[in-house]
Amino acid sequence: MKEKRKHQFTKEIKLLMYGFGDVQNPRQDSAELLEDILYNYLQDICTKVARVGHKRGKVITDDFLYILRKDPKKLARCKELLIMQEDLRKARTLFEEPEMNIKGKKRLTNRPEDEKQ
Amino acid sequence: MLQDTHKEKKTKTENGPTKYKKSKEKKTKNDKQKGTSQSSNENNNNNKDNKDKKLGNKEENGENVNEKDKKEEKDKEKDKKEDEEQEDEEDQDIDGVYEELEEENTQLKNKEMLKDLLNEFSEEQIQRYEVYRRSTLPKAAVKRLVQNILNQSVSNSMGIVVGGFSKIFIGEIVEKARDVMEDWGDEGAIRPEHLREAYRLYKEERKCKYL
């Protein structure tokens with residue numbers, strides 16, 4: 001680990017630490033150490049992913065899911081995030097489509113704003 | 001993994017879905033039936049894990065993790081059942097419906113339990129819970145970081161995935177550090193020593209699970 005590396009994520013990591021059980025203002029050195037630990041972990045995972053994806057020539061999202069297969073918590077969360085991303089994308093296309101339609105045309109599905117009301 | 005590819009071959013005639021799209025089809029099916037979503041359920045399970053830690057209940061945490069494993073097994077069973085349903089309709093339809101109803105029942109129960117729990121929270125706990133739900137690593141910076149490590153372009157979904165599991169990783173380390181603090185009898189803010197010990201314990205636990 002290079003000691004000269006600038007710490008990019010300090011603010012966000014402090015928030016994460018508070019959310020997971022630390023005091024409201026976590027210590028600066030703890031946050032920096034946690035960022036270093038995170039870098040180490042990501043390098044570990046990414047080298048494994050690169051090895052898996054090397055055969056294909058490039059790395060795709062499913063390679064990450066394969067590497068995480070032994071960790072049920074993380075795997076479940078990643079799958080959930082991908083599904084949510086799909087749902088959001090669909091919701092956005094539904095949201096934008098009616099605006100492009102002609103005025104008198106009926107909408108087949110409700111827009112998210114109409115559903116909330 | 002082998003099971004998954006086998007399932008994909010079976011359903012290739014439909015649309016050739018990937019692993020996560022398949023569970024999404026299941027979820028849209030559930031949504032149509034009763035308007036609840038499975039994703040929120042898994043989310044609830046995750047949240048319950050962390051909240052129970054905060055409340056100091058380690059046993060429940062273990063149970064929740066087991067619940068999650070059972071749920072994944074149930075999901076796999078359900079996938080298999082759905083495949084069979086398409087072939088033989090009458091008998092196995094009933095079994096499939098029963099399992100779906102059972103699972104939705106547990107979903108509703110979990111949602112209710114979560115609501116009740118949230119009602120009992122003190123103000124400080126509510127604040128912490130809100131920060132827990134909303135905080136995340138910045139998407140652009142994570143994407144850039146992974147690009148630099150892999151030396152190739154990274155898609156948006158990869159950035160999201162990496163951000164997601166790094167949040168969980170940080171959570172595991174911080175929770176372990178809290179346990180270590182309890183063991184050592186320290187109080188107050190988490191110190192670097194606790195984090196180092198937590199990271200060491202984390203690696204030790206995973207030694208046996210490695211390839």
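Just so we're on the same page: letters track the sequence lines, and every chain starts at 1. The structure presented is a predicted model; accordingly, all values stated were derived computationally and were not measured.
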- Establish, from distance only, whether the side-chain atoms of Glu32(A) and Gln28(A) form a donor-acceptor pair under 3.5 Å.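 Side-chain D/A pair, Glu32(A) to Gln28(A): present.
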- Message: Quick one about Arg128(B) and Tyr132(B) (side-chain donor to acceptor, distance below 3.5 Å, no hydrogens or angles considered), yes or no?
- Response: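 No, no side-chain donor-acceptor contact under 3.5 Å.
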Part of [X] within contact of chain A (heavy atom distance under 4.5 Å):
X: Ile173(B); value: side chain
X: Glu172(B); value: side chain
X: Thr136(B); value: backbone
X: Ser166(B); value: both
X: Arg191(B); value: both
X: Leu195(B); value: both
X: Ile149(B); value: side chain

- Which pair of heavy atoms, one from Lys14(A) and one from Arg27(A), lies closest together, and at what distance?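 What the structure gives for the nearest pair is CE-O, 4.4 Å.
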For [X], is it the side chain, the backbone, both, or neither that has a heavy atom closer than 4.5 Å to a heavy atom of chain B?
X: Ile60(A); answer: backbone
X: Asn25(A); answer: neither
X: Gln24(A); answer: side chain

[options]: which one forms the most heavy-atom pairs within less than 4.5 Å of chain B?
options: Leu81(A), Val23(A), Leu16(A); answer: Leu16(A)
options: Ile13(A), Leu15(A), Thr47(A); answer: Leu15(A)
options: Leu34(A), Asp63(A), Val59(A); answer: Val59(A)
options: Ile45(A), Val49(A), Leu42(A); answer: Leu42(A)
options: Gly53(A), Pro26(A), Cys46(A), Ala50(A); answer: Cys46(A)

- Evaluate the ring planes of Tyr202(B) and Tyr41(A), with Trp represented by its six-membered ring, and classify them as parallel (under 30°), tilted (30 to 60°) or perpendicular (over 60°).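 Ring orientation of Tyr202(B) relative to Tyr41(A): perpendicular.
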[X] side chain vs [Y] backbone, donor-acceptor pair below 3.5 Å:
X: Arg69(A); Y: Tyr66(A); answer: yes
X: Glu104(B); Y: Leu101(B); answer: no
X: Ser30(A); Y: Ile190(B); answer: yes

- Cation-pi check, Lys167(B) to Phe165(B): give yes when NZ or CZ is under 6.0 Å from the six-membered ring centre and within 45° of the ring axis, no otherwise.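 Not satisfied by the 6.0 Å and 45° rule.
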- Query: Within 45° of the axis and under 6.0 Å from the centre of the six-membered ring of Tyr199(B), does NZ or CZ of Arg196(B) qualify?
  - Reply: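 Verdict for Tyr199(B): no cation-pi partner in Arg196(B).
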- Should the pair Lys109(B)-Glu112(B) be classified as a salt bridge under the 4.0 Å nitrogen-to-oxygen rule?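 No salt bridge links Lys109(B) with Glu112(B).
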- chain A: which of Val142(B), Leu150(B), Val146(B) shares the most heavy-atom pairs with it under 4.5 Å?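 Counting heavy-atom pairs under 4.5 Å, the top option is Leu150(B).
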